[in-house]
Amino acid sequence: MRALPDDAVVLIVGHSNTVPLIARALGYADAADMPECEYDRMTVLHLMDGHAHGEVSRYGAPTSC
């Protein structure tokens with residue numbers, strides 16, 4: 001990913017046990033762990049100048065776990 005052009009858009013899809021790890025590996029230290037039953041969290045990362053800035057939002061039906 002880091003070798004792609006600065007304006008590239010990449011979609012990474014994972015599970016509750018991989019998404020926070022991937023976000024942290026990309027530099028977003030604030031990525032919180034996810035319970036296995038959580039399906040409505042979307043984390044958007046902006047990688048700029050070697051730093052990761054993240055935004056967490058929700059989509060679809062709310063998770064109730």
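Heavy-atom basis, side chains included; hydrogens, waters and symmetry copies ignored. This is a predicted model, so every value here is computed, not measured.
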Q.
Is it the case that over 12 heavy atoms from other parts of the model lie below 6.0 angstrom from the CG atom of D6?
A. no

Q | CG-CG distance between L26 and L21, expressed to the nearest 0.5 angstrom | A | 11.0 Å

Q) Within the side chain of D40, is there an N or O that forms a donor-acceptor pair under 3.5 Å with the backbone of G60? A) no

Q. With the 4.5 Å side-chain cut-off for hydrophobic clustering, are L4 and V13 part of the same group?
A. no

Q: State, with a plain yes or no, whether a side-chain heavy atom of P20 is found less than 4.5 Å away from one of M34.
A: yes

Residues 42-55 side chain polar contacts: donor-acceptor under 3.5 Å, at least two apart:
| unit_1 | atom_1 | unit_2 | atom_2 | d |
| --- | --- | --- | --- | --- |
| H46 | NE2 | E55 | OE2 | 3.4 |

Q | Over all atoms of both residues, closest heavy-atom pair of C65 and E38 | A | SG-N, 4.0 Å

**Q.** R41 and V56: CA distance, side-chain angles, deciding distance, side-chain contact (heavy atoms from CB on, under 4.5 Å) verdict
**A.** CA-CA 7 Å; R41 185 190 315 182; V56 176; 3.6 Å; yes

Q | Contact summary for Y59 and Y39, nearest pair of heavy atoms | A | OH-O, 3.2 Å

